[in-house]
Amino acid sequence: MNFVIEFYRLREEDGAHATLDRVPLEAANLESAIDIAGSLFHTLAMPQIPDHVRVCDWSGREL
């Protein structure tokens with residue numbers, strides 16, 4: 001299955017979020033995608049440390 005992992009920061013005051021990185025991913029199932037997202041959270045070099053991670057399908061629906 002194809003997934004997109006989104007790493008983003010969330011501003012608590014107004015709920016605005018800024019996407020730091022989007023990583024396309026092919027995984028066997030959602031559980032595998034979540035495991036990979038967790039490991040990427042700690043290993044990707046991003047300009048800021050993300051607050052949240054989202055796993056989406058190719059059309060952008062959050063899973």
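As a basis for the values below, the full set of heavy atoms in this structure was taken, side chains included, without hydrogen atoms, waters or symmetry mates.
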Visitor: If I compare all heavy atoms of I5 with all of A33, which pair ends up nearest, and what's the gap?
Guide: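 Heavy atoms of I5 and A33 come nearest at CD1-O, 4.0 Å.
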
Visitor: Under 4.5 Å between side-chain heavy atoms, counting indirect links through other Ile/Leu/Val/Met/Phe/Trp/Tyr residues: same cluster for M1 and V53 or not?
Guide: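 Linked, M1 and V53 end up in one cluster.
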
Visitor: For A28, does its backbone N or O pair with a side-chain atom of S32 as donor and acceptor, under 3.5 Å?
Guide: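 Here the side-chain-to-backbone pair does not exist.
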
Visitor: Is V4 reachable from L10 through a run of hydrophobic residues whose side-chain heavy atoms are each under 4.5 Å from the next?
Guide: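 No: no chain of side-chain contacts under 4.5 Å links L10 to V4.
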
Visitor: Could you check R11, E12, R9 and say which one makes a side chain to side chain contact (heavy atoms under 4.5 Å, CB included) with D51?
Guide: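 By the side chain to side chain contact (heavy atoms under 4.5 Å, CB included) criterion, D51 pairs with just one of R11, E12, R9: R9.
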
Visitor: Would you give me the side-chain donor-acceptor pairs under 3.5 Å for residues 16-27, sequence neighbours excluded?
Guide:
{"unit_1": "R22", "atom_1": "NE", "unit_2": "E6", "atom_2": "OE2", "d": "3.0"}
{"unit_1": "R22", "atom_1": "NH2", "unit_2": "E6", "atom_2": "OE2", "d": "3.0"}

Visitor: Apply the test side-chain contact (heavy atoms from CB on, under 4.5 Å) to residues F3 and I36: give CA-CA distance (whole Å), side-chain angles for both, the deciding distance (0.1 Å), then the verdict.
Guide: CA-CA 11 Å; F3 300 95; I36 294 169; over 6 Å; no

Visitor: Applying side-chain hydrogen bond (donor to acceptor under 3.5 Å, both in side chains), name anything that partners S59, two or more places apart in sequence or on another chain.
Guide: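 Listed in chain order: D57.
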
Visitor: How long is the straight-line distance from OG of S39 back to CD1 of I34, given to the nearest 0.5 Å?
Guide: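 Going from the CD1 atom of I34 to the OG atom of S39 covers 12.5 Å.
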
